[in-house]
Amino acid sequence: MDYALGVIWALGTIVEDEGSLRVVIRHKDVEVLKDITNRCNLQNQPYYVEYHKGWTLKFTLTSDVGKRMVDLGYNPKKDKERSVPEGFYDKYEWMKGYFSQRAHIHKGGLGWVLRIYGSFNIVS
């Protein structure tokens, strides 16, 4: 589940939806969201949203993965003070999940570089 938490940390946001707080993840590749669904044993399935021209997955904060996110100190992805989870988890699996969505290798003028996107606390 820690790999999935990294992906959720990178892509997810918390919104009020249908009277409860839910985590919403959007992605152009449905397979990424299906993988999260399988790894976290979620009942909800991804669905296509024409307006966003991509796939969406929603689940409640009361689900097992939602509770785990709260336990680890999840905060919104646009929060400037955002940091890595705090508590017991497999940090390497989390990083693999996060970097799979928020990092890429780029060839620049001086050679190859790894670009990692996120708050200063996460990148450092």
**OP:** Go through the steps to decide whether Trp9 and Leu72 satisfy the test side-chain contact (heavy atoms from CB on, under 4.5 Å), and finish with yes or no.
**Re:** CA-CA 11 Å; Trp9 223 270; Leu72 292 172; 4.0 Å; yes
Original post:
Does the side-chain contact (heavy atoms from CB on, under 4.5 Å) test come out yes or no for Ile36 and His27, once each step is laid out?
Top reply: CA-CA 11 Å; Ile36 298 302; His27 205 284; over 6 Å; no
Original post:
Taking it one step at a time, do Phe59 and Ile25 satisfy side-chain contact (heavy atoms from CB on, under 4.5 Å)?
Top reply: CA-CA 9 Å; Phe59 57 89; Ile25 306 169; 3.8 Å; yes
Original post:
Can you check whether Val7 reaches Val32 side chain to side chain, under 4.5 Å on heavy atoms?
Top reply: yes
Original post:
Hey, any chance Val123 and Leu11 share a hydrophobic cluster, counting ILVMFWY side chains that come within less than 4.5 Å of each other, even indirectly?
Top reply: yes
**OP:** Could you go through the side-chain contact (heavy atoms from CB on, under 4.5 Å) check for Leu61 and Tyr74 one step at a time?
**Re:** CA-CA 11 Å; Leu61 284 178; Tyr74 178 87; over 6 Å; no
Original post:
Do side-chain atoms of Asp2 reach the backbone of Asp90 as a donor and acceptor pair under 3.5 angstrom?
Top reply: yes
Subject >> Tyr92 atom OH, over 12 foreign heavy atoms within 6.0 Å >> reply: no
Original post:
Does Phe99 belong to the same Ile/Leu/Val/Met/Phe/Trp/Tyr cluster as Leu114, with side-chain heavy atoms less than 4.5 Å apart forming each link?
Top reply: yes
Original post:
Nearest 0.5 Å, what's the CH2-CZ distance between Trp55 and Arg26?
Top reply: 14.0 Å
Subject >> Close side-chain approach of Lys53 and Tyr48, heavy atoms under 4.5 Å >> reply: yes
Original post:
Cluster question for you: counting only ILVMFWY and a side-chain heavy-atom cut-off of under 4.5 Å, with indirect links fine, are Ile14 and Val70 together?
Top reply: yes
**OP:** Please tell me if the side chains of Tyr3 and Asp35 come closer than 4.5 Å, counting only heavy atoms from C-beta onward.
**Re:** yes
**OP:** If the plane angle is over 60° it's perpendicular, under 30° parallel, otherwise tilted; pick one for Tyr89 and Trp94.
**Re:** perpendicular
**OP:** Please answer: with hydrophobic residues joined when any side-chain heavy atoms are less than 4.5 Å apart, are Leu57 and Leu21 in the same cluster?
**Re:** yes
Original post:
Does Asn41 reach the side chain of Asp64, with side-chain heavy atoms less than 4.5 Å apart?
Top reply: no
Original post:
Shared ILVMFWY cluster between Leu33 and Val15, side chains joined below 4.5 angstrom?
Top reply: no
